[in-house]
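Counting convention: from 1, in listed order, for ligands and their atoms alike. Counting from 1, the numbers follow the sequence of the chain as shown.
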Amino acid sequence: MTEVVNIRHEHASIREWEVRIEQLLEGSARDAAVFNVNEDDDREYDAIFLGGGGGGRFGAAYLRAMGGRQLIIEQWPFLGGSCPHNACVPHHLFSECAAELMLQRTMSGRLWFRDMTDVRASIKDVVDVFRRGRVGPHAIMNYQSKEQLDLEYVLNARGTIIDAHTVEVAGRRFRAKNLVLGLGARAQELHCPGADLKGVFNYATLVEDLDYEPGDTVVVVGGSKTAVEYGCFFNATGRRTILVVRSQLLKTITDDETRGYVVDRMRDQGVEILEGALVDRIEAGADGRACAIHIKTSKGIERIATDFVFHALGETPNSEMPAAALGVKLGAKNEVLVNSQLQTSVPNVYAIGDLIGGPMEMFKARKSGVYAARHIMGEAIEYQPKAWPDFLHTHYEVSWMGLSEQEARARYKDIITIKMPPDTPDGLNVALPASDRTMLYAFLEPKMSGFQKLILDAATRRVVGAFHVGYGAKDAFQYLNHLMKQGLTIDQLGDMDELFLNPTHFIQLARLRAGNRTLRNL
Ligand code: KPC
């Protein structure tokens, strides 16, 4: 029988939330449902948000801010969903380690940098750092949602959909005018003999289950963002890292030249990339843990000894319950189908976030939640994720927006590019770009100092695409993308005020060319 505690009139600090969440996750209170429900409010709920990840939390917050009444029901003992628990936050931690380790290895023995020749960083230590620290962000989510956003929620108990207006949780039924489904997605399974062995991980099981130090060879299955992000971290720790990719690595970077720079630098770091390769089976050792993986390529089957296999094959929406309970229509990838008001095929039932399919990104989760809330509260809205800026991490941060050079050439008659390093006989071996956190590379290993490219339509002088490999440009791309959609020209870009060398050189390079009546490459 689930114990129920209503904390509505308690006001725990962030630190007190950390302790409570630890108890709820692992300790004495594991089975207690946490109710933060306003028993004094007799209004009907405008919406129950089933799932308190980024979508549910932002949607609920917006609806509350607009004067509505909401309830979030979340099976984990914290809000924020997979982001702080096993997805974005650990990925960013690991990617920061990858960047830091690449710098230390590149500078090894120079300046103040220690000799890194025989240094192998512990994967388990970093995972443990995350595991110990993640209740911090969890606690902030619960505190902020209750004390600052005045949200109602039920945590640590699974909600069951009864009908389009009713959810049961911890033995109690809640009714609302609308239901907003934000049930998220889960890692797709690897299907091959041995896939369930100890030593085979995905992004979620890695941070829950890793209880040994992986050996000197890591095999990553997949060619997506997640595969690359985790693979580059494993590589940076000092392990042989092999990426097994069914088709082509990082197809998501649409600009060939940028993708080439990114993949070449990964190879320089020693990442081995097997394209056109499939997993045949994973072999168990005497201890029951994976001891080798068999890879099928055009050359036949290759056996690679490893005690650590990581797979990243995409995500499957958690649509089973709403499909069974409500009959919401699903798409080909099990995503809940919604219109541009986030409405499902069932009246008064909305769906948001990863549950509605790609892009499974935080901005879409949060925005779709907010747009659903606005529609529920009577606003005429339309939302479809399109033309968003994007990024991934290798050992670098890679950011992009708009059209690749090839796409732009197919669409426009006359395309101009502005690049750093420029096309000169010296190739990449010049000390530019010299930007945020690439200054040491620029001076000591110029080839590694990044790559930047701006793509312009000469006729309108408009920016139609931009690509950046380095650090610190993600923030700029959030705003640049917005400006590009409003018709940003080279003249407007060149008239901005750059801060030092700038995370991107685009402002000053644009200024150098903006005086040309007929634009030219740079
Ligand atoms: C702590 C942090 O910003 C990462 S977790 C974000 C979850 S949420 O704010 O609900 O999107």
Using a heavy-atom cut-off of under 4.0 Å, does the side chain or the backbone of V89 touch ligand 1, or both, or neither?
side chain
With heavy-atom distances below 4.0 Å as the criterion, list the atoms of ligand 1 near P137.
1 (C)
Go through ligand 1 atom by atom and flag the ones less than 4.0 Å from a non-hydrogen atom of G80.
7 (C), 10 (O)
If you compare all heavy atoms of M66 against all heavy atoms of M377, which two are closest, and at what distance to 0.1 Å?
O-CE, 3.7 Å
Closest non-hydrogen protein atom to atom 6 (C) of ligand 1, residue and atom name please, with distance?
R366 NH2, 3.5 Å
Residue, atom and distance of the protein heavy atom nearest atom 9 (O) of ligand 1 read R57 NH2, 2.9 Å
Is a salt bridge present between E213 and R120, judged by a nitrogen-to-oxygen distance below 4.0 Å?
no
Please work out which of G55, G81, C83 has its closest non-hydrogen atom nearest to atom 5 (S) of ligand 1.
C83
List the closest protein heavy-atom neighbour of atom 1 (C) of ligand 1: residue, atom name, distance to the nearest 0.1 Å.
M141 CE, 3.5 Å
Find out whether D390 and E361 are in side-chain contact, i.e. whether some heavy atom of one side chain is under 4.5 Å from a heavy atom of the other.
yes
Cut-off 3.5 Å, side chains only: do R239 and T237 have a donor facing an acceptor?
yes
Which residue, N178, V180, V370, I381, forms the side chain to side chain contact (heavy atoms under 4.5 Å, CB included) with H375?
I381
Any Lys/Arg nitrogen of R172 or E39 sitting under 4.0 Å from an Asp/Glu carboxylate oxygen of the other?
yes
